[in-house]
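Structure first, commentary second.
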Amino acid sequence: MALVAACTPGTGGGGGGDGKSFEFWSFSAINQKLSVDAYKQKHPDVDVKLTEVGSSVETAQALTTALAGGKVPDLVLIQGDDLPKFVQQPQNFVDLRTLGADDIKGDYLDWVFKQSVAKDGEVLGIPTDVGGMAMVYRTDLFAAAGLPTDREAVSALWPTWDDYIETGKRYKQQTGKAFVDNAATSVFYQAVNQVSQKYYDNNERKPVYDSNPEVRAAFDLGIKAATSGITAGQTSFETAWSAGMAQGQYATVAAPSWMLNSIRSTAPDTKGKWDIARIPGGSGNWGGSYLAIPKRAQNPQAAWNYIKEMQSPQGQLEHFGRVGALPSTPSVYKDEKLATAKDPFFSDAPTGTIYTDSLLELKPFYIGPDSATIGQEFLNSITNVEQAGGNPATAWDDAVRNIKTAIGG
């Protein structure tokens, strides 16, 4: 997605705004406008100037440039994978404890909230949502392959990732078609987020990506899937991936709660042909974002008022109703609006229950400043084997070498 908002040079200065308006930078393609419109309906005297900057990565890049001396927004949405680098720079953000963050921190999943806390205790962001994880599948394609279609029976096919790959081989043997969109995000990325310790040591917080056996095991699963003949080799969110989804070129996709909207918009004619099963391994999370206020924001109080209202448990519950984003506030997980939510596009699957169950079983791990870069190189290496004929025997060493180059050691 193109970067549509340039950073205007200027020095700025904290405060000094009118208190009734604020500038908000968000990503594209998540329809943040729905939340802004809901807020403005309740507060018609407040002017929210929303700019959809681009992808989450482009938004983080634009923010980095602005923090270096450009004009900063009053409020910015930061994707969870990009957050750790900003947490290393607490001097660039308002410590939200000064606005009341201590009063509301108990509303959020503890491990999610802690990701936005800097070394000396500064709170730099409030979590807006989490992803949870599940496996969506095409019931019509499963039936044609002689596989069960009931979501509980399907979940029982793959308690482990090895079972999932074996199911994929059965499907391929029966149909001659791909079972899963790709090995990188639908297998490796999910398996590596089910570990007890990921790319950094949980205690010493030093990189262990190249020595952690759990990471290597997840990588090997990705390579196993990539070389098994069960994948469509279509990178998530690219044009071929979207076309393949609409045309039924693959039967399963690992999907966090926020991806369900992508599937609806990408393949609208497949309504009722999908269902949702548990993710192999039972737990997981992909995604989640944070709202932060840069230090030189002109209207920090107006921005905080928005955060406090829209990211409250009730605010997040209402947002779930609008777009299906899973709340980061566990007090609403038993609320009828979430617990009994069913999605007709996905065969009336109980989305609220499926995704919160996967999230509550997750064991948190430390996410370091280079976790996103490390993970991307592992993804690239698996994709290279899957799509470009890369050597699976050297893929791990290739990835580690590229990571060392990318992060400087």
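- Taking every heavy atom of both residues into account, A183 and G222 meet most closely at CB-O, 3.4 Å.
- Residues meeting the salt bridge (Lys or Arg N to Asp or Glu O under 4.0 Å) test with E361, sequence neighbours left out: none.
- For the pair F113/P127, a side-chain contact is recorded, criterion being any heavy-atom separation below 4.5 Å from C-beta on.
- Listed by chain and residue number, Q234, Q247 satisfy the side chain to side chain contact (heavy atoms under 4.5 Å, CB included) test with Q249 (two or more places apart in sequence, or in another chain).
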Before giving the answer on side-chain contact (heavy atoms from CB on, under 4.5 Å), spell out for I230 and I165 the whole-Å C-alpha distance, their side-chain angles and the decisive distance to 0.1 Å. CA-CA 8 Å; I230 67 171; I165 293 170; 4.3 Å; yes
Go through the steps to decide whether T329 and S312 satisfy the test side-chain contact (heavy atoms from CB on, under 4.5 Å), and finish with yes or no. CA-CA 8 Å; T329 51; S312 67; over 6 Å; no
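- Between the side chains of Q190 and T185, no donor N or O sits under 3.5 Å from an acceptor N or O.
- Closest approach of D181 to S186, counting heavy atoms only: OD1-OG, 2.7 Å.
- Taken from CZ in F237 to CE in M245, the straight-line distance is 8.0 Å, to the nearest 0.5 Å.
- Pairing each heavy atom of I293 with each of P300, the nearest pair is CD1-O, 3.6 Å.
- Applying the salt bridge (Lys or Arg N to Asp or Glu O under 4.0 Å) criterion to D82, with sequence neighbours excluded, gives no partner residue.
- Taking the side chain as every heavy atom from C-beta outward, L75 and I307 approach each other to under 4.5 Å.
- A search for ring-ring contact (aromatic ring centres under 6.0 Å, His included) contacts involving W161 returns Y164, not counting sequence neighbours.
- For F219, the ring-ring contact (aromatic ring centres under 6.0 Å, His included) partners are F378, W396, not counting sequence neighbours.
- With a 4.5 Å cut-off on side-chain heavy atoms, M135 and I276 do not count as touching.
- For I126 against A101, the heavy-atom pair with the smallest separation is CD1-CB, 4.4 Å.
- Sorted by first then second residue, the side chain to side chain donor-acceptor pair (under 3.5 Å) pairs that include residues 33-49, not counting sequence neighbours, are K20-D45, K33-D37, S35-H319, S35-R322, K42-E318, H43-E309.
- Side-chain polar atoms of T383 and N182 form no donor-acceptor pair below 3.5 angstrom.
- Between Y189 and W286, the ring centre distance stays below 6.0 Å.
- Within the 4.5 Å cutoff, the side chain of P90 has no heavy atoms near those of the D120 side chain.
- Here the straight-line distance linking atom OG1 of T65 with atom NZ of K71 works out to 15.0 Å at 0.5 Å rounding.
- With sequence neighbours left out, the side chain to side chain contact (heavy atoms under 4.5 Å, CB included) criterion links K334 to no other residue.
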Side chain to side chain donor-acceptor pair (under 3.5 Å) between S21 and Q298, intermediate numbers included: CA-CA 9 Å; S21 65; Q298 293 292 308; over 6 Å; no
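- Between the side chains of T405 and N402, not a single donor N or O lies within less than 3.5 Å of an accepting N or O.
- Counting heavy atoms from C-beta outward, W25 and V72 have side chains that stay 4.5 Å or more apart.
- Two residues are said to be in side-chain contact when any heavy atoms from C-beta on lie closer than 4.5 Å; F27 and Q79 meet this criterion.
- With sequence neighbours left out, Y366 forms a ring-ring contact (aromatic ring centres under 6.0 Å, His included) with Y200.
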Let me see the working for Y199 and V208 under side-chain contact (heavy atoms from CB on, under 4.5 Å), right down to the final yes or no. CA-CA 5 Å; Y199 302 139; V208 294; over 6 Å; no
Exercise answer: donor-acceptor pairs, residues 143-154 side-chain atoms, under 3.5 Å, sequence neighbours excluded:
unit_1 : atom_1 : unit_2 : atom_2 : d
D150   : OD2    : E152   : N      : 3.1
D150   : OD2    : A153   : N      : 3.1
R151   : NE     : D275   : OD1    : 2.8
R151   : NH2    : D275   : OD1    : 3.2
R151   : NH2    : D275   : OD2    : 3.3
R151   : NH2    : S347   : O      : 3.1
E152   : OE1    : R278   : NH1    : 3.2

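- Using modelled atom types and a 3.5 Å distance limit, the side chains of Q316 and T128 yield no donor-acceptor pair.
- Remark: F345 CZ to N261 CG distance equals 10.0 Å, nearest 0.5 Å.
- Evaluation of the salt bridge (Lys or Arg N to Asp or Glu O under 4.0 Å) rule for D398 yields R401 as partners, not counting sequence neighbours.
- With no hydrogens or angles considered, a side-chain donor-acceptor pair links K198 and N193 at under 3.5 Å.
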D140 and R138: CA distance, side-chain angles, deciding distance, salt bridge (charged side-chain N to carboxylate O under 4.0 Å, His left out) verdict: CA-CA 6 Å; D140 57 334; R138 284 280 297 267; 2.8 Å; yes
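- The environment of K169 atom NZ is dense: over 12 non-hydrogen atoms of other residues, nucleotides or ligands sit within 6.0 angstrom.
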L360 vs Y333, side-chain contact (heavy atoms from CB on, under 4.5 Å): CA-CA, chis, key distance, verdict: CA-CA 10 Å; L360 293 173; Y333 288 175; 4.1 Å; yes
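- Pairs passing the salt bridge (charged side-chain N to carboxylate O under 4.0 Å, His left out) check and including a residue from residues 220-248, sequence neighbours excluded, read D162-K224, R216-D220.
- Closest heavy-atom contact between L77 and S26: CD2-OG, 3.6 Å.
- The side chain to side chain donor-acceptor pair (under 3.5 Å) contacts involving residues 85-114 comprise K85-D370, Q89-N92, D95-R97, D110-K114, where partners must be two or more places apart or lie in separate chains.
- How far CG of L83 is from OG of S289: 9.5 Å, rounded to the nearest 0.5 Å.
- Between V400 and E377, the closest side-chain pair of non-hydrogen atoms is not below 4.5 Å.
- Between the side chains of T231 and E386, at least one donor N or O sits under 3.5 Å from an acceptor N or O.
- You'll find the side chain of V180 stays beyond 4.5 Å of the side chain of Y250, heavy atoms only.
- Atom-to-atom distance recorded for M133:CE and I279:CD1 is 4.0 Å, nearest 0.5 angstrom.
- When all heavy atoms of P294 and L67 are compared, the closest pair comes out as CB-CD2, 4.2 Å.
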